[in-house]
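Taking it in order: structure first as structure tokens, then the write-up.
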Amino acid sequence: MFASMLGVVRRIPRGKVSTYGDIAYAAGFPGRARQVAWALHSSHGLPWHRVVGAGGKLLMPGEYGFEQRLRLEAEGVRFAGLRVRMELHRHAWFRRKGARKTVRRKRR
DNA sequence: AGGGTGACGATCA
DNA sequence: ATGATCGCCACCC
């Protein structure tokens, strides 16, 4: 399980990000976002900074969170306050039918 | 075996 | 928007 998840993380292109939930889903384990976190825990040499929480939030506390932000900005990822602009950088593994309401349309 | 933890996430107050 | 709750499940006592 961890192997597949890590494989998915490895395929996130530069300048893009993915969420724990999406990674779990793409790896074939929907709903196991926490295990993705564990997988990253027990590994190294991966683009871990391209993994963010739902909604683009940086979840890592302290120094690492800071470093993650620097790394992402260095790749051209734009932020909106404390969150990554998912509508610009979320990596689409493949189209999910419902397409979720990920792209929340603005009210008017 | 049993209980607590967590780099999660959706839902509800 | 924020905080609590619950569902999730591999790990670590």
Spacing of A:Arg83 atom CZ relative to B:dG9 atom P, expressed in whole Å: 14 Å
Passing candidate, side-chain contact (heavy atoms from CB on, under 4.5 Å) with A:Val51, options A:Ile23, A:Thr19, A:Val17: A:Ile23
According to side-chain hydrogen bond (donor to acceptor under 3.5 Å, both in side chains), who are the partners of A:Arg50, at least two apart in sequence or on a separate chain? A:Glu75
Between the side-chain atoms of A:Tyr20 and the base atoms of B:dA7, is any donor-acceptor pair under 3.5 Å? yes
Which value, rounded to the nearest 0.5 Å, describes the distance between A:Gln35 atom CD and A:Met5 atom CE? 6.0 Å
Interatomic distance, A:Met5 CE vs B:dC8 C1' [rounded to whole Å]: 11 Å
Integer-rounded Å distance: B:dG6 P and A:Met60 CE: 15 Å
How many Å lie between NE2 on A:His41 and C1' on B:dT5, as a whole number? 11 Å
Check the interface with nucleotides 2-5 of chain C: list each N/O to N/O pair with the protein under 3.5 Å, or write none.
none

Considering non-hydrogen atoms only, spot the tightest contact between A:Leu88 and A:Lys16 and give its length. O-NZ, 3.5 Å
Output a table of nitrogen or oxygen pairs between the protein and nucleotides 9-13 of chain C separated by less than 3.5 Å.
residue, atom, partner, partner atom, Å
C:dC9, O4', A:Gln35, NE2, 3.2
C:dC9, O2, A:Gln35, OE1, 3.0

Among Ile, Leu, Val, Met, Phe, Trp and Tyr joined by side-chain contacts under 4.5 Å, find the other residues sharing a cluster with A:Leu70 and list them by chain and number. A:Phe66
What is the distance from CD1 of A:Ile12 to C1' of B:dA7, rounded to the nearest Å? 13 Å
A:Gln68 has an atom CD; how far is it from atom C1' of B:dA7, in whole Å? 8 Å
Distance check, rounded to the nearest 0.5 Å: A:Leu72 atom CG versus A:Arg14 atom CZ? 11.0 Å
Which residues pass the salt bridge (charged side-chain N to carboxylate O under 4.0 Å, His left out) test with A:Arg85, not counting sequence neighbours? none
Sorted by first residue and then second, give each side chain to side chain donor-acceptor pair (under 3.5 Å) pair with at least one member in residues 62-73 of chain A; sequence neighbours left out. A:Glu67-A:Arg71, A:Arg69-A:Glu73
For atom OH of A:Tyr25 and atom P of B:dA10, their distance in whole Å: 13 Å
When rounded to whole Å, the CG to C1' distance for the pair A:Leu72 and B:dA7 reads 13 Å
Over 60° means perpendicular and under 30° means parallel, so classify the ring planes of A:Trp38 and A:His41, tilted if in between. tilted
